[in-house]
Amino acid sequence: MVHVYNCHPFSSQQIVQVEQEPGLVCCGGGALFVVASGGCKVVEAYSVEEEGCPLICRFATMGAVRSIKHSKIGDYLVTTEEKNNATYLRAYTNWRYQAEEKARVGVRLLGHLLRGASLRSGVQTEIIEIPLSECPVAVACCPISGDLLVACEKTLVLFTLRNHTSSSAENVSILDFERSFLLHIPKFKPKQVALCSGYVAVQAEAEVLVLKLEATPENKTPEESSSSSDTPKGLCRHREDPLEEQADFLFIPRHLELLGDRAKDCGITVSIEKTGLEDRGQYTLSYVLFRRLTPDFFQGCSVEETQLHSLQLRPLFTSSLSPGKQSVSEEEPACIFCFFSLPTTGYLYSLRGGVELLSTYHYPDKVLEAMLTDYLLHVITKSALQSFTVHCAAVAARMEDPYIDTTMKACPPSNLEVCALRSQVFIGLRSLSGFGRHVILLSTTDSDTPEEAERTRQRRSRKWALSSPKEPSKVGHGWNLYVVDTVTPLALHQEMVEYSQRYAETTQAHSLCHLLGEAHILLRAALLQRGAEQQSSEGDAAEAQQTDPQEQKNHRELDEALTQNCAQLGDCFSSDRSSQDCHLALPYYRMSALSVTDIIARNRLLPSGPRSYGAGFLFYLKHYLLEEAEQILSQETADEIVDIFSQSEPSQLVSVCVSPSMVNIDPARTLQILQHLEDTMGVSVTLTITMATMTLRLDDLAQYTQLMGRHAEMALVYGFIEEPRLLVHAGGGGPPIAVRPSALTQQLVKSQPGLLVAAMVGLHENNKIMLEQADHIFKVCLGCEECLLVDFWEAILMASSQEAIIQELLFRLASVYVARLTNWDTQPGSLRSASRRRPLRNAEDLINSCSHYGALVPWLTVLNPPYTASSHNQEALHKLQSLLCGPSLSVDSVAPLLEHLSHDTEWGFSLHLLCATRRGHYESSIEKLLDRCPQAIIAFANHHLQDKNMVFWWRKLLPELCDRTRASSDNSILLAALKETLVVVSTEMTPAEFLELIPDDGTASYFLPHLLACSLRQLPT
């Protein structure tokens, strides 16, 4: 469907004063090239960028010109010329040199640089003969590289543009071409071709084929490249159809559209023949798009109505450059679009980022030619110039900005229905070309038949042919050459906005949004062009552009227009009563730079308007309040938001009231509204907590306590999980850790610390808060006090199943326990008293409820009696010992912490001994324990020297006890330990083995009872 709007895309027109009837016209490089009809051999160049289009120069050609093209890169002209019944292909370089009335012209063959004047004494116009083995049918120039593509009857020839620099003092640059390769396409008769950044488009009478050429490494042959991909590159098989060989039948192939990799199934043979001498790389070929159009005779279509024309490949740059690129001229375009047209329908495809049909243009009359630009599609019929909108900028914007189509930014879709703008009447239009915002038209007035006049009359009577501009003035002949200027994108956008207002007071909301969307895409195209121009400008030129007041004013007006357009689109979607597109109000309002107060004012209900708020407006408000904006709303605005939701969505009041932006809300008034909500909708945990928050703002602690006492602690925890902002507010705009506690959190620290810890654990385990954020909340609430934070870490350790979190918490807790043991006596009195707050869980609780805390080994109670330290130190010691006794704490990770602990104290010695034992250092541990606390040695041995470690009883412990007993004067403890050891040894060894262990100087009567027990154990029963 094509929408029709009476907007004016053209600002002015002027007639080019040419003396003879133009036969061929082309445009480029700011110049209009005209070749007179009747086989003229002279090309005239006129400046389209100056008032009156003055003549730049004229120069002669070597034959009658049959076609002419201009290349932006290299600023050269390429012509097909006829002379003596033969067709030639020639390129004209340095043609502007003729404007200086210099008659010197050089003629040379392709690849043969002149050794004469052009190299010795500067620039001269040169005509380059380009030999071909077949007659050229069509030519195309690449707008990115300046390469030349020539279509012959069955072959496409690519010529690479070369730039040679002479060795003369003037350092003259000379253009030349190198024949790079040939594409053989048998049974496909090209009518038009296009070339852009490696993409090749070929058009036959009713078929269009788009190919992609890519360079490959030198050591990889085309056959190898072809075998490495499913897409055929190089030669592919052609499926012969026997019907084509039967002259008695009219074979009409079916309509076909193949996109991307499917285009390889089109059945058209394409092969590469490399001919370049300097370019030693290889090329691979892939199929991109194939479209075959056939007449629908049942709908009254004729074969003539399926004659394709106006094939184009158009690049579009963005402001982003790839790594290593210095300017847009070196950069590959972000998007490439392919356009071709039937007399009644035009098709626009996007080729990069997935092949896609963007738009289909249905014309009101038979179109002769069409021209695609970044902003508009211009078409001509016999009697009118018409413009249609294009959506290429919507595709490019999505490639440039990853935030589009999110809640942050938006852009109208690229497949938006196109619209036709006002038609401009001309008489007898024949050809169309353009440069920048200039559209060049050639008209003749002596060839209209009565049938064509009748069709023109019928077309004017149609509903959407809205314009009837004045006919062009005659200059005394039956032809005219016009230069029509299009208005600036900013001016056309403004007219579209003004035109859209007629729909604002009607029920045609779709037309309003559609036209504003078209205006938005128009501004996007202007912004993309501005960004590309800024990137291509270098050095002083860039600085001059930035400091030019007029340029700065234009940029500012363009940016302001975009923000205003976003505000208007936000209004469209905010008033949407449906849920299909209402979410777009959020990104468009964000792009408008309007404050929430301004947006509320734009959506305020009027007495004569609707009685309810739009779904898009409510969607915007919910997201604004949900996403923790830094802006603090005034009391008036905050209270109005409460009224909006109490009227439209009462169930969202809790989420609204707990938003940090609503801190200035009237608590008494809000409490009344919440109480009314509770009366109508029933009691809920989150609603109760929100009401308690309001009572805190009113300093009514009694009512706060009564409200919080309504629900059990676990129910309150679930309430906090459902609405985390009751406890935590985001900092806004900062790093993820930038959070702050709510007033309720501060109160829970004082009155219900256990509930706060449980709630924060619930938030963490439900991915509502990160560990670092929770730490930050506790540190802000508690200041220098760490007890509640440690309680939180211990609680998280009990609940978490994430190994990384577990190891992090184990290390943190071990560090805290060590710090408490080492720094207790050096802390100031205030901190020491604050840290004496009773922890939520003692060591016994953790051992019984957390698998990461292990039961204390028996010998620790012998080594560290409970009375040896204060209660706080004792608790920290027991928790650290329990961690070392547990299965999870890595000894190697905490070893650096324990190095600072003194061995002099019993508790410090016990921790070092635990670490040594965990590492398997049993021999040294036995020695240290016998040195410091021999009464604990048997408890140590009974716990650790079992199973595979049993050998340490007689290899290490027994010899040590014997030696130490003999050397000690007071050996009662050692003797008791020796007796216990002998009991264990005698039950594990044979009499012979036991005798070997008895010291040579030992007393036999002492060891005899144990030897007897050993012998009795060995007697047979």
Distance-only donor-acceptor hits, side chain of residues 702-720, under 3.5 Å, sequence neighbours excluded:
from   : atom 1 : to     : atom 2 : distance (Å)
Thr705 : OG1    : Leu701 : O      : 2.8
Arg710 : NH1    : Glu678 : OE2    : 2.6
His711 : NE2    : Thr688 : OG1    : 3.1

[Y] versus [X], side-chain donor and acceptor atoms under 3.5 Å:
| X | Y | answer |
| --- | --- | --- |
| Thr637 | Ser634 | yes |
| His3 | Glu518 | no |
| Ser595 | Asp598 | yes |

Q) Excluding sequence neighbours, so at least two apart, what forms side chain to side chain contact (heavy atoms under 4.5 Å, CB included) with Asp559? A)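 Leu527, Arg530.
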
Intermediate values then yes/no, side chain to side chain donor-acceptor pair (under 3.5 Å), Gln631 and Ser661: CA-CA 6 Å; Gln631 181 182 1; Ser661 300; over 6 Å; no

* Ring geometry between Tyr613 and Phe617 (parallel below 30°, tilted from 30 to 60°, perpendicular above 60°) ->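 Tilted, since the angle between the ring planes falls between 30° and 60°.
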
_Partner set under ring-ring contact (aromatic ring centres under 6.0 Å, His included) for Tyr588, not counting sequence neighbours_ =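 Residues passing ring-ring contact (aromatic ring centres under 6.0 Å, His included) with Tyr588: His520, Phe573.
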
Given the options Leu677, Thr686, Val654, Leu674, Met691 meets side chain to side chain contact (heavy atoms under 4.5 Å, CB included) only with Leu674

Notebook entry, point to check: Excluding sequence neighbours, so at least two apart, what forms salt bridge (charged side-chain N to carboxylate O under 4.0 Å, His left out) with Glu649?
Noted result: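 Partners of Glu649 by the salt bridge (charged side-chain N to carboxylate O under 4.0 Å, His left out) criterion, ordered by chain and then number, come out as Lys622.
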
Kindly write out the residues that satisfy salt bridge (charged side-chain N to carboxylate O under 4.0 Å, His left out) with Asp401, not counting sequence neighbours, or none if the list is empty.
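In terms of salt bridge (charged side-chain N to carboxylate O under 4.0 Å, His left out), with neighbours along the sequence ignored, Asp401 is linked to Lys409.
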
Residue set satisfying side chain to side chain donor-acceptor pair (under 3.5 Å) with Ser387, at least two apart, ordered chain then number -> His378

Hey, does the side chain of Thr670 reach the backbone of Pro667 with a donor-acceptor pair shorter than 3.5 angstrom?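 Looks like no, no N/O pair under 3.5 Å.
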
